[in-house]
Engineer: 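Dumping the structure here so I can ask a few things about it.
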Amino acid sequence: MPELPEVETTRRGLDARLLGQTVRAVKVRNPHLRWRVEDAMSRELPGQRIVSVDRRAKYLLLRTDAGTLILHLGMSGSLQVVPPSRPFHRHDHIVWDFSNDLSVRFRDHRRFGAAIWTRDDPFAHKLLSALGPEPLSNAFDGGVLYERSRGRRATVKAFLMDGRVVAGIGNIYANEALFRAGIHPARAAGRIARGRYDRLADHIRTVLRESIDRGGTTLRDFVGSDGDPGHFIAHLDVYGRVGQPCRRCGEVLKLRVIAQRSTVYCRRCQR
DNA sequence: ACTGGCTCCTGAGGGC
DNA sequence: TGCCCTCAGGAGCCAG
């Protein structure tokens, strides 16, 4: 599923190919994504030039002078940059044709993704306005986690995946960062010391950067991951490794559902 | 202010 | 071989 590193890789691919290009045509083949794709997007986007391609959490922001296209890949979405003549896949739901004779297709077989058109400041949009700091920005550190977690009884795993605390940490990277930091995923967020949050924040940043570096390599051709966790999968310590030995101590890795998500951890290394 | 549970959807995988 | 069943999973939303 597209996690923050895949979305960032996608952003870089779009930025390299679409910046300064003009939207020639928009075709919505199936408007039934997470929220119905509004006609205003098809009406107002043609003729507009892409002035920037940004990312906030796992949202992609394609800005024009008339408004911003906000995209979310959900859990099975991908964006494909292809020649317009390429035959359609049955789950290609939206198509944007550009002035450089490239076509971008939003493919999403589960349709948990979203395409939202807004004329206003996208950061003021309800979906973005309450988001916490970007994990790779200077605004994020152990202090943020420590301050925000005081008094909270929810598990640290759920806490990390709450976008209002820190933006864009998905299930895979919550699992991985907690393993690297040696913190048990079911521990109450409010009962973790400052020093451990400092280390956790460092590990969140490091694991995301390492994965982006991998994504940047394996997804260079930009065909989208389409449900695949990406080639960073070979470097995961816990996610997808239930029943296998811990790379650090050899203990068999355990699976528990925490925060409604599969959580894999080492009960010896994580306390 | 928090917290946990529900929801959308389809392909994959297991059982028989 | 094929059919049926179950389930994962991002994150907004809502009730308690």
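We name chains A, B, ... by the order of the sequence lines, and we start the count at 1 in each one.
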Engineer: Go through the structure and list residues passing salt bridge (charged side-chain N to carboxylate O under 4.0 Å, His left out) with A/Arg164, not counting sequence neighbours.
Structural biologist: A/Asp162
Engineer: Please compare A/Arg90 and A/Arg164 by the position of their nearest nucleotide in DNA chain B and report the one closer to 5'.
Structural biologist: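 Final value for this comparison: A/Arg164.
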Engineer: Which residue pairs pass the side-chain hydrogen bond (donor to acceptor under 3.5 Å, both in side chains) test when at least one of the two sits in residues 119-132 of chain A, sequence neighbours left out?
Structural biologist: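 Output for this query lists A/Glu44-A/Arg119.
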Engineer: If the condition is salt bridge (charged side-chain N to carboxylate O under 4.0 Å, His left out), which residues does A/Glu176 pass it with, not counting sequence neighbours?
Structural biologist: none
Engineer: With sequence neighbours excluded, tell me which residues meet side chain to side chain contact (heavy atoms under 4.5 Å, CB included) with A/Pro245.
Structural biologist: A/Arg241
Engineer: Which parts of residues 147-160 of chain A get close to DNA chain B, meaning a heavy atom less than 4.0 angstrom away?
Structural biologist: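 Within residues 147-160 of chain A, the residues near DNA chain B are A/Arg152, A/Arg153, A/Ala154.
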Engineer: Can you measure A/Ile258 atom CD1 to B/dT3 atom C1' for me and round it to whole angstrom units?
Structural biologist: 15 Å
Engineer: Holding to side chain to side chain contact (heavy atoms under 4.5 Å, CB included), I want the full list of residues that pass it with A/Pro31, two or more places apart in sequence or in another chain.
Structural biologist: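 A/Pro31 satisfies side chain to side chain contact (heavy atoms under 4.5 Å, CB included) with A/Val28, A/Arg36, A/Val37 only.
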Engineer: List, by chain and then residue number, the residues other than A/Val252 in its hydrophobic cluster (Ile/Leu/Val/Met/Phe/Trp/Tyr, side-chain heavy atoms under 4.5 Å); write none if there are no others.
Structural biologist: none
Engineer: A/Gln270 versus A/Arg187: any side-chain heavy-atom pair under 4.5 Å?
Structural biologist: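 The answer is no; the side chains never approach within 4.5 Å.
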Engineer: Please collect all salt bridge (Lys or Arg N to Asp or Glu O under 4.0 Å) contacts where either partner lies in residues 18-29 of chain A, sequence neighbours excluded, each pair once.
Structural biologist: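 Sorted result for residues 18-29 of chain A: A/Arg24-A/Asp101.
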Engineer: What is the distance from CD1 of A/Ile116 to P of C/dG12, rounded to the nearest Å?
Structural biologist: 9 Å
Engineer: Between the axis at one end of the helix from B/dC2-C/dG16 to B/dC16-C/dG2 and the axis at the other (five pairs apiece), what's the angle to 10 degrees?
Structural biologist: 50°
Engineer: In whole angstrom, what separates A/Leu128's CG from C/dA11's P?
Structural biologist: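 Those two atoms, CG and P, are 12 Å apart.
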Engineer: Taking atom C1' of C/dG12 as reference, at what distance in whole Å does atom OH of A/Tyr59 sit?
Structural biologist: 7 Å
Engineer: Dump the pairs, protein N or O against N or O of nucleotides 6-10 of chain C, anything under 3.5 Å, distances to one decimal.
Structural biologist:
| from | atom 1 | to | atom 2 | distance (Å) |
| --- | --- | --- | --- | --- |
| C/dG9 | OP1 | A/Tyr239 | OH | 2.7 |
| C/dG9 | OP2 | A/Ser262 | OG | 2.8 |
| C/dG9 | N2 | A/Arg110 | NE | 3.3 |
| C/dG9 | N2 | A/Arg110 | NH1 | 2.8 |
| C/dG10 | OP2 | A/Arg261 | NE | 3.2 |
| C/dG10 | N7 | A/Arg261 | NH2 | 2.4 |

Engineer: Supply the members, apart from A/Leu19, of the Ile/Leu/Val/Met/Phe/Trp/Tyr cluster built from side-chain contacts under 4.5 Å; use none for a lone residue.
Structural biologist: none
Engineer: Is it true that the NZ or CZ of A/Arg248 lies under 6.0 Å from the centre of A/Phe179's six-membered ring and within 45 degrees of the ring axis?
Structural biologist: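 Pair A/Arg248/A/Phe179 counts as cation-pi.
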Engineer: Would you kindly give the NE2-to-C1' distance between A/His93 and B/dC9, to the nearest whole Å?
Structural biologist: 10 Å
Engineer: Is the distance from OP1 or OP2 of B/dG11 to the nearest side-chain N or O of A/His91 less than 4.0 Å?
Structural biologist: yes
Engineer: Tell me which pairs pass ring-ring contact (aromatic ring centres under 6.0 Å, His included) where either residue lies in residues 241-271 of chain A, with sequence neighbours left out.
Structural biologist: A/His184-A/Tyr265
Engineer: Remember a base hit wins even if backbone is also touched, and classify A/Leu73 as base, sugar-phosphate or nothing at under 4.0 Å, heavy atoms.
Structural biologist: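 Result for A/Leu73 = nothing.
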